[in-house]
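Below: one structure, written as structure tokens.
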Number of protein chains: 2
Amino acid sequence: MTTLQTQSLLPSVAIDCVVFGFHENELKVLLLKLKNIDLWALPGGFVNQGVDLDSEALNALEIRTGLDNIFLKQFHTFGSIERNDTDHNRMLVDKKVIDPEWFEWFDQRFISVGYYALVEYSQVREPIPGPISEACEWCSVNDLPPLMLDHRHILETAHMTLKTELNNQPIGLNLLPKRFSIPELQSLYETILGKKLDRRNFRRKVMSFDILVCTNERRTGVAHKAPLLYEFDEEKYHAAHQAGLSSGW
Amino acid sequence: MTTLQTQSLLPSVAIDCVVFGFHENELKVLLLKLKNIDLWALPGGFVNQGVDLDSEALNALEIRTGLDNIFLKQFHTFGSIERNDTDHNRMLVDKKVIDPEWFEWFDQRFISVGYYALVEYSQVREPIPGPISEACEWCSVNDLPPLMLDHRHILETAHMTLKTELNNQPIGLNLLPKRFSIPELQSLYETILGKKLDRRNFRRKVMSFDILVCTNERRTGVAHKAPLLYEFDEEKYHAAHQAGLSSGW
DNA sequence: ACAAAAGTGTTCTGGTTACACCCATGG
DNA sequence: CCATGGGTGTAACCAGAACACTTTTGT
């Protein structure tokens, strides 16, 4: 989309995606750097008249990451009137981030539907910047650059949702490579939750979910004792995802 | 709103509310009966340009129930293209449910933001029908009339969300009268979950949350042993609501 | 007095917590 | 050979499930 065909777009509705990845024991988020200005934005887009909302969210990500088959979940819709900011939009035109002819479209009041995605970091070769951005990079959740409008709030809401979901569902299939060690999985959990977990108890609990299959191979070329590699039993993983893990009533 | 001022409304965006109440051991939902036709709809509405999405949802309910200070929570946004149905809208005009001049507005493609509300049944004196409806009634979730478009799907999603939330948060403050017995609270839980719970275990668990205060009064004029009446400790209730109840990681 | 519902306690089990120990590997 | 991290075991504790008995009330 180098040209914006606003007439075919659904007015008032935008999509913002929080794309989580995991790399070097850090939780990362895919962000776009706007042109000519030190301001970053969540990948997202608008909704074409003939396309499902969910499909548009998938499309937006496919364009940025080159991945299809992404795990994507709607988590909240942001509808505060403070979201739209004419001064901000004028600034975007002044800084040549957006073309002046788009101003009117951008200056609408938008409701934004937030999605979060979980992707395997290494699978995203080269994130692709869009028409209003000059770079697309992974940023650490703990060290975010200045974000546009309420994008920081959206991001934090997504992160909180992810933490909560961790109690109900297994997570990892979409964030880790096919084969991984238990300590790596633990590191992922610790990173998302922002706290340390006991090694032995973690192993036992995650094993009790019965979603891991042990390949009898070990990670090589690494310091210290070589850990065993596991894979997810995808069928059981998805079953657990559906059913949920929590006890409750 | 007897006249629809479409120019001041945010296009493409609608709100649907699933209002839950509890009465005679049944989970009820507030539904509007359309004029001249045996078809029912969720209360809802559109979004004025200058008003927050959440505020509009509150407004919509205040108009129908006469209540303010309602517990209201956004749960999902519905954005399938199959949601809009020109034949359905034409039928609404034919049956004089909506004025022909509204047809164009109604026949837009809408994204609908779903909210669910928990209200105390007895506090809603007389639900007020809107401009397109001739009645507003409580219907049992287990015995629903024919619903418009995807409203049944929205309702079921809300019900599922409510079940899930029950595992994370205490529920009851908004659905029960100020004073209630433990068996009444249990009945509410059983109704929402659609299954029986053990009396003794329920009592112990709910007591362990430490959100109930025993008034030393008993329900009078009722058969059998008079149960003690409790109230919620609102401060602790809200704290538990924030923090969540589940164990997790 | 009896049926029906309220209120209380106990046992059993399984999951969570908080530990200590041995094993493998690279430096 | 030793520091570091991987892998395994275990005792104490708490929460949930299953269940039996007593108390109170209206009929």
Side-chain angles (χ1 to χ4, degrees), chain A residues 24-25 166-170 172 176-177 179-191 193 195-231 240 243-249, chain B residues 24-25 163 166-170 172 176-177 179-191 193-231 240 243-249:
Chain A
E24 290 177 345
N25 289 340
L166 219 52
N167 289 326
N168 305 322
Q169 283 145 23
L176 294 173
R179 297 190 165 190
F180 53 89
S181 67
I182 306 269
E184 281 161 8
L185 181 61
Q186 180 178 345
S187 174
L188 169 63
Y189 269 68
E190 289 178 338
T191 303
L193 294 170
K195 68 175 176 189
K196 289 283 166 197
L197 301 171
D198 184 276
R199 284 176 323 136
R200 302 153 275 210
N201 295 335
F202 178 84
R203 173 182 295 268
R204 197 181 359 204
K205 184 157 177 172
V206 86
M207 283 307 204
S208 77
F209 294 162
D210 191 32
I211 52 172
L212 292 179
V213 182
C214 184
T215 75
N216 285 301
E217 292 177 46
R218 289 168 187 280
R219 172 126 305 161
T220 58
V222 72
H224 316 302
K225 183 170 180 176
L228 279 165
L229 293 177
Y230 290 79
E231 290 177 3
L245 299 170
S246 64
S247 49
W249 294 96
Chain B
E24 290 177 345
N25 289 340
K163 282 189 198 181
L166 221 51
N167 289 326
N168 305 321
Q169 284 144 24
L176 293 173
R179 299 191 163 189
F180 54 89
S181 68
I182 305 269
E184 280 161 9
L185 181 61
Q186 179 177 349
S187 174
L188 168 63
Y189 269 67
E190 288 178 338
T191 303
L193 293 169
K195 68 176 176 188
K196 288 283 166 196
L197 301 171
D198 184 275
R199 287 182 5 245
R200 302 155 275 207
N201 295 335
F202 178 83
R203 173 183 296 267
R204 188 145 27 107
K205 184 158 178 172
V206 86
M207 282 308 203
S208 77
F209 296 162
D210 190 31
I211 52 173
L212 292 179
V213 182
C214 184
T215 75
N216 284 302
E217 293 177 44
R218 291 170 185 279
R219 172 124 306 160
T220 58
V222 72
H224 316 303
K225 182 170 180 173
L228 279 164
L229 294 178
Y230 291 78
E231 290 178 3
L245 299 170
S246 65
S247 50
W249 295 97

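So you know, we letter chains A, B, ... as the sequences are listed, proteins then strands, and number each from 1.
Side-chain proximity of A:K225 to the nucleotides D:dG7, D:dG16, C:dA18 is greatest for D:dG7. Listed candidates were D:dG7, C:dG7, D:dG16. Nearest to the side chain of A:L228 is D:dG7. In this structure, the nucleotide among C:dA18, D:dT8, C:dA6 sitting nearest to the side chain of A:N201 is C:dA18. Candidate nucleotides C:dA20, C:dG7, D:dG16 were compared by shortest atom distance to the side chain of B:K205, and D:dG16 ranks first.
Atom C1' of nucleotide D:dC19 and atom CZ of B:F202 are separated by 19 Å, given to the nearest angstrom. Here D:dC19 presents its C1' atom at 16 Å from CG of B:L197, a figure rounded to the nearest Å. Across the protein-nucleic acid pair, B:Q186 atom CD and C:dG7 atom P stand 11 Å apart, rounded to whole Å. Computed from coordinates, the B:H224 NE2 to C:dG7 P distance equals 13 Å when rounded to whole Å. When the P atom of C:dG15 is taken as reference, atom CZ of A:F209 falls 11 Å away, rounded to whole Å. Distance A:R203 CZ to C:dA18 C1': 17 Å, rounded to the nearest Å. The CG atom of B:L245 sits 19 Å away from the P atom of D:dC14 (whole-angstrom rounding). In this structure, A:E184 atom CD and D:dG5 atom C1' are separated by 13 Å, rounded to whole Å.
Contact of A:R199 with D:dG7 (side chain to base): a donor-acceptor pair of N or O atoms is detected under 3.5 Å. Put simply, the side chain of A:R204 and the base of D:dT10 share a donor and an acceptor less than 3.5 Å apart. A donor-acceptor contact under 3.5 angstrom links the side-chain atoms of A:R200 to the base of C:dA20.
Applying the side-chain contact (heavy atoms from CB on, under 4.5 Å) rule to A:P227 yields the partners A:S181, A:R219, A:V222; only residues at least two apart in sequence or on another chain are considered.
Two residues, B:D198 and A:A223, neighbour DNA chain C, and the one matched to the more 5' nucleotide by heavy-atom proximity is B:D198. For A:R218 and A:S208, each mapped to the nucleotide of DNA chain C holding its nearest heavy atom, the one lying further toward the 5' end belongs to A:S208.
Side-chain contact between B:N167 and A:N167 is absent, with no heavy atoms from C-beta onward closer than 4.5 Å.
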Point to revise | Chi angles and distances behind the side-chain contact (heavy atoms from CB on, under 4.5 Å) call for B:E190, B:N25 | key: CA-CA 9 Å; B:E190 288 178 338; B:N25 289 340; over 6 Å; no
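The side chain to side chain contact (heavy atoms under 4.5 Å, CB included) test with B:P170 is passed by exactly one of B:L212, B:L245, B:V206, B:L185: B:L245.
Under the 6.0 Å distance and 45° angle rule, A:K205 counts as a cation-pi partner of B:W249.
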